[in-house]
Q: 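After the structure tokens below, expect a handful of questions from me.
Numbering of ligands and ligand atoms starts at 1, following listing order. Computed from heavy atoms alone, side chains included, the values below leave out hydrogens, waters and symmetry copies. Counting from 1, the numbers follow the sequence of the chain as shown.
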Amino acid sequence: MQCRTHIAFGVAVSTAMVHTGDIKTILITIAGATIGSAIPDLDSYNSELSQILNKITGIIVATITICLAITYILKIDILDKIVQYKNVTNILIGILLFLFISILGSNTKHRTFMHSLLCVGIYYLILSIFLSQSFAVPFTVGMLSHILLDLLNHIGVGLFCPFTEKRFCLDLCASNGVVNKVLFYVSVVFICIIRAIA
Ligand SMILES: [Zn+2]
């Protein structure tokens, strides 16, 4: 399926699970579902997401370099100051672990580790422990919805990678055919209806 279909479907499923009109909760749900439903295709070399990941990694490496330079040149230990704030430290550890798994996954074969249940579990643990449960849940729903849609076509998904190389598929439709288009528009309409009546 196309990236926009994965995102629309993931957001539709996640927002259907939100039973509140609280705008903050809805925005966190949409953000989590959007990233979660797009992230498995980081393993696709041409995906826009892997190009964004490269940029983010570059920014983080530059930031760490600047922090180290400030520490040694100006004798101000920025890391020490950050560690004093436990929440900030947790968030930083979470972001670094998240990036580590994402970079690792982006270098694996398409539809293997990044589309496995193990990967879903690792992301869920990182996000729920170091960031927030309210972000981790829609992110996980988004990832699972992506894997479910990929199961529909003949290419197959390495659900239990790295324990087995066996790929699973339902072979019901093409990844960029009519079903892809229908799913996208139905999901968008569904999101509009569910938000209108919430
Ligand atoms: Zn995929």
Q: Please find the N/O/S atom of D150 nearest to the Zn ion (ligand 1) and write down its name.
A: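 Output for this pair reads OD2.
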
Q: Are K166 and F168 in a cation-pi contact, defined as NZ or CZ under 6.0 Å from the six-membered ring centre and within 45° of the axis?
A: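 So K166 does make the cation-pi contact.
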
Q: Just wondering, do F98 and I39 contact through their side chains at under 4.5 Å, heavy atoms?
A: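 Counting from C-beta outward, I39 and F98 do come under 4.5 Å.
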
Q: Is the shortest heavy-atom distance from the side chain of D150 to the side chain of D41 under 4.5 Å?
A: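 Yes, at least one pair of side-chain atoms sits under 4.5 Å.
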
Q: From the N, O or S atoms in D41, identify the one nearest to the Zn ion (ligand 1).
A: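 In D41, the heteroatom (N, O or S) nearest the Zn ion (ligand 1) is OD1.
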
Q: Flag H6 as yes if one of its N/O/S atoms falls below 2.8 Å of the Zn ion (ligand 1), otherwise no.
A: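 Checking H6: none of its N, O or S atoms is under 2.8 Å.
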
Q: Below 2.8 Å, can you find an N, O or S atom of H146 next to the Zn ion (ligand 1)?
A: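 Yes - counting backbone and side chain alike, H146 has an N, O or S atom under 2.8 Å.
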
Q: Can you find a side-chain donor-acceptor pair between H115 and H110 that sits under 3.5 Å?
A: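 Not at all, the side chains of H115 and H110 share no donor-acceptor pair under 3.5 Å.
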
